[in-house]
Number of protein chains: 2
Amino acid sequence: MATIDDVARTAGVSKSTVSNVFSQKRPISKEVTERVLAAARKLNYRPNYWARSLANRTTRIIGLNMPGERVKFSLFHLSLMNGVLNECSLHGYRLLVNSLPKSYLNELPHVSSEPVDGDILLDPVEKDTRIAERIRKNLPVVVIGRPPGDFESKVSYVDNDNVANGENATQYLLRLGHNRILFLNASRYKTVSIDRGLGYRRSLEAAGVPFDPQLLIHKDPDMTSSSFGYSISKEMLMKLPDITAIITDTDKMALGVYRAASEMGIAIPDDLSVIAFSDDSVFAPEFNPPLTGIKLFGEQLGREAAKLLIDQCAAKQHSVKRILISTEMVERGSCAAASQNKGKIQGGMKNE
Amino acid sequence: MATIDDVARTAGVSKSTVSNVFSQKRPISKEVTERVLAAARKLNYRPNYWARSLANRTTRIIGLNMPGERVKFSLFHLSLMNGVLNECSLHGYRLLVNSLPKSYLNELPHVSSEPVDGDILLDPVEKDTRIAERIRKNLPVVVIGRPPGDFESKVSYVDNDNVANGENATQYLLRLGHNRILFLNASRYKTVSIDRGLGYRRSLEAAGVPFDPQLLIHKDPDMTSSSFGYSISKEMLMKLPDITAIITDTDKMALGVYRAASEMGIAIPDDLSVIAFSDDSVFAPEFNPPLTGIKLFGEQLGREAAKLLIDQCAAKQHSVKRILISTEMVERGSCAAASQNKGKIQGGMKNE
DNA sequence: TCAGTTAATAAAACCGGTTTAATATAACCT
DNA sequence: AGGTTATATTAAACCGGTTTTATTAACTGA
C-alpha cells in the first residue's frame, strides 16, 4: 500500500499538503490539489485509517456491547441494532460489536484501550461492572435500559418506562377480571425485569390483590424463550389451575405458552389470557389468536441511544440525559374477560 | 490517558521494556515486570489500540458488509451474525458492521483504508463492485452466498447449494402433483435468487412442465417480505387461479401468503401448498398449518465464513476455498398433494 | 583468564498519518 | 514605497505504540 510520503514525492509536494488535500482542513490551491489527487489515483492511495485515528484521537466507531460470554442476539436486539445502524450511517459512524469474553480481554497481551469513541451498553444488570469500567476509562457511554443503582444519575440512557409497562399490562388484565396472573419475567438481575416486576406488584397492590411470589418467575438464561415459555407455563398451569392470565417477556415466550395451552386443552383467550412485551408486528398478528402486547419500539430505542452517544462523542459535553420512549398497548385478541365460572371449576364443579 | 512513556518513566525503565511486558514478545525479568505492572496499575494505563494496530499492521477486527444504502438486517442476517460473532469471540476478533453509504465514503475527507483485517460480504448481487474493490485494496474477503461471475473462482465463499435448493423445493411440489407453481423469489440480481430460479426451471424442465415466466416473480426490495408475500400472492391467485403451490423466499413472506389465502378462502394445504426457504424453527412450526421449508442453517454459514476469513487474515495464505453447507427439508404440513378436482374447479364447476 | 555465548534492557528508527510553527508570496492599504 | 495582512506551502514535532539494533552484565567452557 502506498503511503502519504509516496504520494507527496510523486506529486512533488510535502506530506502536510497531501494531508490537507484529503482532510480539507486547510485550503490547497486547485492546481496542487489536482496534482496530488492524480498522484493518489495513480498509486491507488488511500489514507490509513489507524494512523489517522491515532493522530486524530478519534475513530468514528461506536461500540455495541452485550454482557456475558456467549453472545446471542435476539429479535429485540435486532430491532435495536437496526435503529443504531440507521443513526450511525447518518452521522458517518461505524458500529463495532464487541463480544469478546472477559477472560480473553484480561490476558496481558490483549489488554488495551477500546477501539471505539464510545459504547452503547445493552441489557444492563443489577451489578453491572461495565459502566464503572468505562467511566474509569473516560469513555462515553449510553445505556439502553435502566442503569443499575447509582449509575442511573451518572450516565445517559434510553429506556421504556418499564415500571409503567409492568403496571399497564397487569392493570389491563386486572380490569378484565383476572386476579391470578402469572408473570414470566425476563431473567433475574436484568434491570428491566426488576422494573417490570415492580410494576406488576404495584398494580396488584393498588387493586388489593395479594402478591403471590409463586406467580413471578424469571426466565432461565440457559433456555430459549420459547421452550422456557412452554415448559414453565405447562408446569404452573398444572400446579396452579386457578391461573387465568399470563404476562410474558417476549413474543417467542408467548408462543411457548400457546403451545402448552393447546396441549392442555386450554383455550386462549377464553380460558387463558396472554399478553407479551413484544416489538414484533409481523408474526404477533398472525398468532392464533393474534397476540396482544405492549410494543416497545426497539428501533427507536436504538436510534435515540446512538444519537445521544454520537452527540456525546462529538461535543465532548457531559450532560447526563435520560430519554424514555413511550410504548403502546396493542390489543389483538389473546386477552378476554376472566370467565365467571373458571373460579367455580377450580372449586371442583368441573362437570356442572 | 497515560501513555507508554508515562509508565516507562514511572517504572524507571525504557518504552521498549514496557512494550514487551505487555506484548510478551520478549522475556522481561520477573522483577522488572512487577515494577512495570505496578506503575501501569497506578496510572490506570492500557496500551492504545490504534497505536498498536498501526505498528502491528493488524486490527483484529473483521468487517461485516451489507450492500446498499439503507441497511436493514433481517432474521436470516441475524442468524448469520450470531454465527460470525460466535467464531469471532473464539479467536479474539471483534466485528465491525459497516453500513456507511458509498456517497459518504467517497467524499474526500472520508476516503480511507478500511479499519479491518478482512471483510465478510453479505448478499452478493450480480454486478457486485464490492469484491473487486477489496481485491484491489488487497483486503481478505469471504463472501456469504455465491460471488457473481468470475469472482466465483477468485474469492472464498460459503453458501448453500441454492440451485439444488430451488430444484428440491420444486421437485417436491411436482411430485405432489403440482404443475402450476408460483415462485416468489428473492429480489432480482441477488445471486441467490438467480441460483434458486435456475433450480426451479431445471426441475420443471426435467419434469416436462413448461416454464411460465409469469410464475417467477422477484421480491420488490422496497416492500417488506410479508406485505410483498401478501399482495403479490393475492394478485396472482386472482389472476391465475390454477396456481396450486407457492414457493416463498422467507418465512415472513410465507406469512403474507397465508394471510392472502385465508382472506380468499383458499385452504392451506388442501387448495394451496406453501414451502419456504426458512431458517426459523420457532415460529415456522407454529404457523397454521405448520410451515414446510428448507432450512438453511444460517448460524453455520456465518461461523464457517468467519473461520475462513480469520484463517486467511492470520496465515496470509491465499488459497481460494468454497464451502457448501447442506440444507434440510423439513416437512411440517403446509404442503399436500394437488387435489384432483382443483383443475375441474378452474374449469368452471365451482359448485359441483 | 579470556573469548564466546546468552539474557535482559535500552536507544533509536519506524508505523502513517496530523498539526503547529515557520516561511515565502501575493494582495491590500495609506 | 513600506508596512500590514492574508494565503499557500512546508519542515519538524507529534500521536502512542513496535521493532531492529545496540549495549551491558552474567554465564560458558577450555
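Sequence lines set the chain letters: A, B, ... in the order given, protein chains first and strands last, and positions in each chain run from 1.
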Legend entry - Salt-bridge criterion met for B:Arg322 and B:Glu152 (N-O under 4.0 Å): yes

Inset, instruction - Examine the side chains of A:Ser16 and A:Ser19 and answer whether a donor and an acceptor come within less than 3.5 Å of each other. - result: no

Legend entry - Residue pair A:Arg94 / B:Leu100, side-chain heavy-atom distance below 4.5 Å: yes

Inset, instruction - Would you mind classifying the nucleic acid contact of A:Lys25 as base, sugar-phosphate or nothing, using non-hydrogen atoms under 4.0 angstrom? - result: sugar-phosphate

Legend entry - Within-4.5 Å side-chain heavy-atom neighbours: B:Leu95 and B:Ile62: yes

Inset, instruction - Return the value, rounded to whole Å, for the distance between atom CH2 of B:Trp50 and atom C1' of C:dT18. - result: 16 Å

Inset, instruction - Report the distance from atom CG of B:Asn20 to atom C1' of C:dA7, rounded to the nearest whole Å. - result: 13 Å

Inset, instruction - Look at all strands and tell whether A:Val18 reaches a base, only sugar-phosphate, or nothing, counting heavy atoms closer than 4.0 Å. - result: nothing

Legend entry - Residues in ring pair (Phe, Tyr, Trp, His ring centres under 6.0 Å) contact with A:Tyr45, at least two apart in sequence or another chain: A:Phe22

Inset, instruction - Scan B:Val32 against the nucleic acid and name what it touches under 4.0 Å (heavy atoms): base, sugar-phosphate only, or nothing. - result: sugar-phosphate

Which side-chain N or O atoms in residues 298-309 of chain A pair as donor and acceptor under 3.5 Å with protein atoms at least two apart or in another chain?
{"residue": "A:Glu299", "atom": "OE2", "partner": "B:Lys72", "partner atom": "NZ", "Å": "2.8"}

Inset, instruction - Specify the residue among B:Arg57 and B:Thr33 whose closest nucleotide of DNA chain C lies further upstream toward the 5′ end. - result: B:Thr33

Inset, instruction - Looking at every strand, decide which applies to A:Tyr45 at a 4.0 Å heavy-atom threshold: base, sugar-phosphate, or nothing. - result: sugar-phosphate

Inset, instruction - Figure out the CD1/P separation between B:Ile28 and C:dA7, and round it to whole Å. - result: 13 Å

Inset, instruction - Measure from CZ on B:Arg9 to P on C:dA10 and round the result to the nearest Å. - result: 14 Å

Legend entry - Nucleotide range of DNA chain D lying under 4.0 Å from chain A heavy atoms: D:dA8 to D:dG16

Inset, instruction - List for me each residue that meets side-chain hydrogen bond (donor to acceptor under 3.5 Å, both in side chains) alongside A:Asn48, sequence neighbours excluded, and say none if there are none. - result: none

Would you tabulate the nitrogen or oxygen pairs shorter than 3.5 Å linking the protein to nucleotides 22-25 of chain C?
none

Inset, instruction - Could you check whether A:Thr17 gets within reach of a base, just the sugar-phosphate, or nothing at all, counting any heavy atom under 4.0 Å? - result: base

Inset, instruction - With heavy atoms under 4.0 Å as the rule, sort B:Ser16 into base, sugar-phosphate or nothing. - result: base

Inset, instruction - Let me know the distance between CZ of A:Arg26 and P of C:dT20, rounded to the nearest Å. - result: 7 Å

Inset, instruction - Return the 5'-most residue of the pair A:Ser29, B:Ala55 with respect to DNA chain D, ranking by each residue's nearest nucleotide. - result: A:Ser29

Inset, instruction - Only counting residues at least two apart or in another chain, list the ones meeting side-chain hydrogen bond (donor to acceptor under 3.5 Å, both in side chains) with B:Arg57. - result: none

Inset, instruction - Mind checking A:Ser19 for me? I need base, sugar-phosphate or nothing, with any heavy atom below 4.0 Å counting as a touch. - result: base

Legend entry - Given B:Val158, B:Val192, B:Ile194, B:Leu324, the one that forms side-chain contact (heavy atoms from CB on, under 4.5 Å) with B:Arg146: B:Ile194

